[in-house]
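Below, read A as the first sequence line, B as the second, and so on, with proteins coming before strands; counting in each chain starts at 1.
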Number of protein chains: 2
Amino acid sequence: MSVQERKERERAARERLIVATARELAEQQGWDAVTTRRLADRIEYSQPVLYSHFRGKREIIGAVALQGAAEMAAAVRAAALAAAGPRTRVTALARAYLDFAERNPAVYDAMFQLDGGLAFAAEDTPEPLKDAFAALLESLGEVAGDGVHPGLFTEVFWAALHGLATLTRAGRLPPAEAERRVELLVERLAMA
Amino acid sequence: MSVQERKERERAARERLIVATARELAEQQGWDAVTTRRLADRIEYSQPVLYSHFRGKREIIGAVALQGAAEMAAAVRAAALAAAGPRTRVTALARAYLDFAERNPAVYDAMFQLDGGLAFAAEDTPEPLKDAFAALLESLGEVAGDGVHPGLFTEVFWAALHGLATLTRAGRLPPAEAERRVELLVERLAMA
DNA sequence: GGTTCGATTCTAGCACCGCTAGACAATCGA
DNA sequence: TCGATTGTCTAGCGGTGCTAGAATCGAACC
């Protein structure tokens, strides 16, 4: 009985170790460096062990993505909570979002650039993903403006943030004026 | 003399064939299917021939990206030219951009999602890329609004379009309301 | 026209990838 | 203590991007 439970605990711990190690390796050297061999080596198990926890590499990426979604939701909510009015709340939210993307590039990639085998905008979308969107909606909905559907507005605002995040990180936009771009975006999109 | 020229022509033709074939294969089956072996097979040459034209696979992706940038610039300009006022011009531009991304997903990926080894927002940025941005700037600059730097405004608008394009295609945004999102974006961002 | 020689192309192979079958070892229940 | 079950590993498959060196071709000269 207790033996069974101990095994399950150990197994769960190992699974967390795999995800944490994959994330760490990805942040350190990029997702290309996250090979099943290297990952297995780091957790000090052989390759097939990974496949007893996950169907394959993409599912590991998906696990990192879910973890990231939860953290991002928390970060966004924390930033929004610390701000006073709707307008400053949106600015804080935008900064928090972009800050998260900049500080966790590999996790952000797992969430939005790589194929983690996750469903989006569907019934079987995992809870953390839906919640991350909900976190955006909470603050953005109140500045959608009259007659504008809050969900639709959130999608547009989110897309803009996503575009800024990815283009900036890919070197497509000069980093120097990132802050001015955020200000312009909020000023125009958010109806105070 | 003429022999040398003929050889150069043939060589240039083969290079175009490589790029066109890579693009075609990528659009048909995705970039994952574009392996050096398959590509070599399709052009009816052996693998090493590819490496006498390009340093590696990433440079082939880069070549497709440049081709795509030129086409996108043309598409955007054509759409803008056919529209009357500044506001309708911007709407037409946005639709043309998203339409290009949707109809040429592999090319769009080569331009913005994959590593084609191209420099951006720098001195050594290839001409087609600078020109594509210029095409956006031409129409977007006139709706930047008072006191807003046209370049900065273009960057923000472009980022929003890029976000919509990528999130939609990745299944992160429901395709049904794409048009409404464009309308909302233009309505808010563009100062008529 | 035959021969030489340089440019061009190919064959074969490297190290690595994601993934898996089957051998082996450790652990549990009787 | 023994047998069965569970867990883990070794070894290997077919694939990847890329390259060294062999082989072939074709242009130029005698």
List in numerical order all residues of residues 24-36 of chain A for which some heavy atom is under 4.0 Å away from an atom belonging to DNA chain D. none
For DNA chain C, which residues in residues 11-19 of chain B have a heavy atom at a distance below 4.0 Å? B/Arg14
Is there a residue in residues 37-52 of chain B whose heavy atoms reach under 4.0 Å of DNA chain C, and which residues are they? B/Arg37, B/Tyr45, B/Ser46, B/Pro48, B/Val49
Are B/Asn104 and B/Arg23 side-chain neighbours, meaning at least one heavy-atom pair lies under 4.5 Å? yes
Within-4.5 Å side-chain heavy-atom neighbours: A/Pro175 and A/Glu102: no
Calculate the interatomic distance between [X] atom [atom1] and [N] atom [atom2]; express it in whole Å.
| X | N | atom1 | atom2 | result |
| --- | --- | --- | --- | --- |
| A/Lys7 | C/dA26 | NZ | P | 13 Å |
| A/Ile61 | C/dG18 | CD1 | P | 9 Å |
| A/Phe54 | C/dG18 | CZ | P | 15 Å |

Looking at residues at least two apart in the chain, or sitting in another chain, which of them share a salt bridge (charged side-chain N to carboxylate O under 4.0 Å, His left out) with B/Arg77?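 Checked B/Arg77 against salt bridge (charged side-chain N to carboxylate O under 4.0 Å, His left out); matches are B/Asp131, B/Glu138.
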A/Arg58: which residues meet the salt bridge (charged side-chain N to carboxylate O under 4.0 Å, His left out) condition with it, sequence neighbours left out? A/Asp115
Going by the rule ring pair (Phe, Tyr, Trp, His ring centres under 6.0 Å), which residues pair with A/Tyr108 if we only count those two or more places apart in sequence or in a different chain? A/Tyr97, A/Phe112, A/His162
Check the surroundings of atom CG in A/Asp124: do more than 12 heavy atoms from other residues, nucleotides or ligands lie under 6.0 Å from it?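 Buried by this count: over 12 neighbours within 6.0 Å.
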Is the count of non-hydrogen atoms from other residues, nucleotides or ligands lying under 6.0 Å from B/Gln28 atom CD greater than 12?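 Correct, the count exceeds 12.
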Please determine if B/Arg172 and A/Glu155 form a salt bridge, counting it only when a charged side-chain N lies under 4.0 Å from a carboxylate O. no
Donor-acceptor pair, distance only, cut-off 3.5 Å: does the side chain of B/Gln113 make one with the backbone of A/Gln113?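 Flag not set: sc B/Gln113 to bb A/Gln113 has no pair under 3.5 Å.
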Is there a donor-acceptor pair under 3.5 Å between the side chain of B/Thr166 and the backbone N or O of B/Gly163? yes
